[in-house]
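Labels below follow one simple rule: chain letters A, B, ... track the order of the sequence lines, proteins then strands, and each chain is numbered from 1.
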Amino acid sequence: MLYIKDLPKHEGQEVELKGWNAQKRDSKGLVFMTFRDGTGFCQAVIDLNVVGETSFEAAKRLPQESSLSIKGKVIKDERQIGGYEIQVSALQVIAEAEDYPITPKEHGVDFLMDKRHLWLRSRRQWAIMRTRNEIIYSIHRFFQERGFVQMDAPIFTGNACEGTTTLFETDYYGEPAYLSQSGQLYGEAMAMAQGLIYTFGPTFRAEKSKTRRHLSEFWMIEPEMAFYDLKMDMDLIEDFVRYVVSSVLDKCKEELKVLERDTTYLEKVREPFIRMKYEDAVSVIRGEKDVNGRTSLQMLADEEAALKDEKLKLEAEIKEREEKIAGGTLKKGEINFNQNKIDKLKNEIKDLEEKLSNIPQWLNSAKNFKRGDDFGGSDETVLTKMFGQPVMVYNWPQEVKAFYMKEDETDKGYAKGVDLLAPEGYGEVVGGGERETDIERLKRKIVEHQLPMSAFEWYLDLRKFGNVPHAGFGLGLERLVAWICGLQHIRETIPFPRSYGRLLP
RNA sequence: UCCUCGAUAGCUCAGCUGGUUAGAGCACAUGACUGUUAAUCAUGGGGUCCCUGGUUCGAGCCCAGGUCGGGGAGCCA
């Protein structure tokens, strides 16, 4: 079998490809088909004089997303998708498609989500899934190259690891069992057996969240390292994120191009990440401390001005296009083209207005941020917008972090936890830290967090038998994919998203 | 759970202070066009205006309740 991705090696040769008709245009004696085969897209040109009347008529009538095989010559043509086109000499229809619901036009999210099984075929979704694949592969490469052992943590659990979050409850032979919201505690056990481990598995959170950052089912990567402290943990996080992002920049150039991803901020992972203590981050958020001469309050004001400016520009463009149409000298096709542009611009303005309406809230939340609180979504956004590169915030107030976080002995009241915040408003991508080793303190905190001691007996055993300092972190795969691909919504990062209110397809 | 916006053709939307037979574009179908890249031209089919109730001579439009969806807060990766 030959695939589109191999076309450059077969320039000038006659090849056979099997795939689907992604889109076509026809004129009297020619059909131009955007052909896809899973490995890529290319244009196939079907000429009446070459293929004969029967094949030509078949091609002309072929509905979108019908499957077919084509034979033809590979011609280099820089203007085409992928840089090559096929001049078809023969074609055979495999299966004619019914009316395809997804058209090369704007669609609403809900409609597309209902058609997710078909939406995955579109060029943009294709690029996202390919990038996701590279991210997954590079995560495994990173850990395997460093001698980490991959482990699978159980999905049914009897204990609520962090307690506070809503869990999916299931019936487990008459006992309540929860779908895992983290494999970390099991990872700690395995780290005591293997030294360096990582989990890579599904995670479930029954949060009734309807935001672009949440899923009910997502994939998490959780390494755990014996004899690591917070500093080593942070070094590993930084190396890890740098490795994965660099590898995508390196291997998914075409995909990022399809996604029209501006890679400026991604390139910044090659520079050292910002590291700051929680207390300093709070000062930055509250506008008490500036970054490169600018406070958060000034940054938000600048941001607001920029958005308003952008909005004016878009409105001007709409007006200009409307006047063009009203002028009456345009051809019908040109009117459609302009009308489509106007619709698109209107949607962009809606987005801008929403962002604009958020800014006063952010400003308010930033000014009034209470020391000791956990960061909200807007606080993370404000902080990362100050830097434009990944920021690691460490030494958090103990109360806002999980019971297993180790207290910093030199910084009482603070836990040796770290969050990595991605730039461009993507927020928390990694959360981790050094684990509490003092068994008495652990027991006390389990009680304080109102967790059932009996479910944690096995975990406490880890402190009784060869207790060692250790650390780890958790990475939300979908948030990483969203950031790297520059996606508006986390729903697009996973083949079949499970979110509040959606179980199909 | 709370705040906020929305639901009109297969899709994306318009529909004025309530007033005859609810519109456009795309998609689809038919025909014309020899190189297109969401930009050619013509014709055609296509509607339970989310549901229930109310106000009114009259409701796509107003009111109440509900359902579903978008965005956000909370919570989080």
Round to the nearest Å and state the distance from [X] atom [atom1] to [N] atom [atom2].
| X | N | atom1 | atom2 | answer |
| --- | --- | --- | --- | --- |
| A:His214 | B:rG72 | NE2 | C1' | 11 Å |
| A:Tyr500 | B:rC2 | OH | P | 10 Å |
| A:Glu222 | B:rA77 | CD | P | 9 Å |
| A:Arg79 | B:rU37 | CZ | P | 11 Å |
| A:Lys28 | B:rU40 | NZ | P | 19 Å |
| A:Leu118 | B:rG10 | CG | P | 18 Å |
| A:Phe56 | B:rU36 | CZ | C1' | 12 Å |
| A:Asp26 | B:rA38 | CG | P | 16 Å |

For [N], the Watson-Crick or wobble counterpart (both distances under 3.5 Å):
| N | answer |
| --- | --- |
| B:rA77 | none |
| B:rA29 | B:rU43 |
| B:rC2 | B:rG72 |
| B:rU36 | none |
| B:rG60 | none |
| B:rC49 | none |
| B:rC13 | B:rG23 |

Rounded to whole angstrom, note down the [atom1] distance from [N] over to [M].
| N | M | atom1 | answer |
| --- | --- | --- | --- |
| B:rG15 | B:rG23 | C1' | 7 Å |
| B:rG71 | B:rU52 | P | 28 Å |
| B:rG47 | B:rA7 | C1' | 15 Å |
| B:rC62 | B:rG74 | P | 33 Å |
| B:rA38 | B:rC26 | C1' | 9 Å |
| B:rA24 | B:rU8 | C1' | 13 Å |
| B:rC51 | B:rG6 | C1' | 16 Å |
| B:rG18 | B:rC57 | P | 15 Å |

Under a 4.0 Å threshold between the charged nitrogen and the carboxylate oxygen, would [Y] count as salt-bridged to [X]?
| X | Y | result |
| --- | --- | --- |
| A:Glu434 | A:Lys416 | yes |
| A:Arg61 | A:Asp26 | no |
| A:Asp419 | A:Lys401 | yes |

Are the aromatic ring centres of A:Tyr198 and A:His140 under 6.0 angstrom apart?
->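 Centroid separation for A:Tyr198 and A:His140: below 6.0 Å.
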Sugar-phosphate, base or nothing in reach of [X], heavy atoms under 4.0 Å:
| X | result |
| --- | --- |
| A:Val429 | sugar-phosphate |
| A:Gln87 | base |
| A:Thr103 | sugar-phosphate |
| A:Ile81 | nothing |
| A:Asp419 | nothing |
| A:Gly108 | sugar-phosphate |
| A:Val430 | sugar-phosphate |

So among A:Arg261, A:Arg212, A:Arg124, A:Glu478, which one has a side chain to side chain contact (heavy atoms under 4.5 Å, CB included) with A:Leu487?
->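 That would be A:Arg124.
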Any idea which heavy atoms bring A:Glu424 and A:Trp483 closest together, and the distance?
->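 Taking A:Glu424 first and A:Trp483 second, the nearest heavy atoms are OE2-NE1, 3.4 Å.
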Is A:Phe32 stacked on the base of B:rG35, meaning ring centres closer than 5.5 Å and planes within 30 degrees of each other?
->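 So A:Phe32 does not count as stacking on the base.
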For RNA chain B, whose closest nucleotide is more 5', that of A:Tyr100 or that of A:Lys401?
->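 First, find each residue's nearest nucleotide; the 5'-ward one identifies A:Tyr100.
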More 5' along RNA chain B: A:Asp77 or A:Phe111, using each one's nearest nucleotide?
->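 Closest to the 5' end, via its nearest nucleotide, is A:Phe111.
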Residue [X], side-chain atoms from C-beta onward, closest of [options]:
| X | options | value |
| --- | --- | --- |
| A:Arg479 | B:rG35, B:rA73, B:rC76 | B:rC76 |
| A:Arg491 | B:rC76, B:rG70, B:rG72 | B:rG70 |
| A:Gln361 | B:rG72, B:rU37, B:rG35 | B:rG72 |
| A:Gln43 | B:rA77, B:rU37, B:rG70 | B:rU37 |
| A:Phe218 | B:rC11, B:rA77, B:rG71 | B:rA77 |
| A:Asn49 | B:rG74, B:rU36, B:rU34 | B:rU34 |
| A:Asp110 | B:rU34, B:rA77, B:rG69 | B:rG69 |
| A:Glu85 | B:rA77, B:rU36, B:rG72 | B:rU36 |

Any N/O donor-acceptor pair, A:Gln80 side-chain to B:rU36 base, under 3.5 Å |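 Looking at the base of B:rU36, it does pair with a donor or acceptor on the side chain of A:Gln80 (distance under 3.5 Å).
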Record whether the side chain of A:His107 comes under 3.5 Å of the base of B:rC11 through a donor-acceptor pair of N or O atoms.
->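 Side chain to base: no pair below 3.5 Å.
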Could you check whether atom [atom1] of [X] has more than 12 heavy atoms from other residues, nucleotides or ligands sitting under 6.0 Å from it?
| X | atom1 | result |
| --- | --- | --- |
| A:Phe240 | CZ | yes |
| A:Phe156 | CZ | no |
| A:Lys73 | NZ | no |

Kindly say if [X] contacts the phosphate of [N], meaning a side-chain N or O under 4.0 Å from OP1 or OP2.
| X | N | answer |
| --- | --- | --- |
| A:Arg213 | B:rA77 | no |
| A:His489 | B:rG70 | no |
| A:Arg61 | B:rU30 | yes |

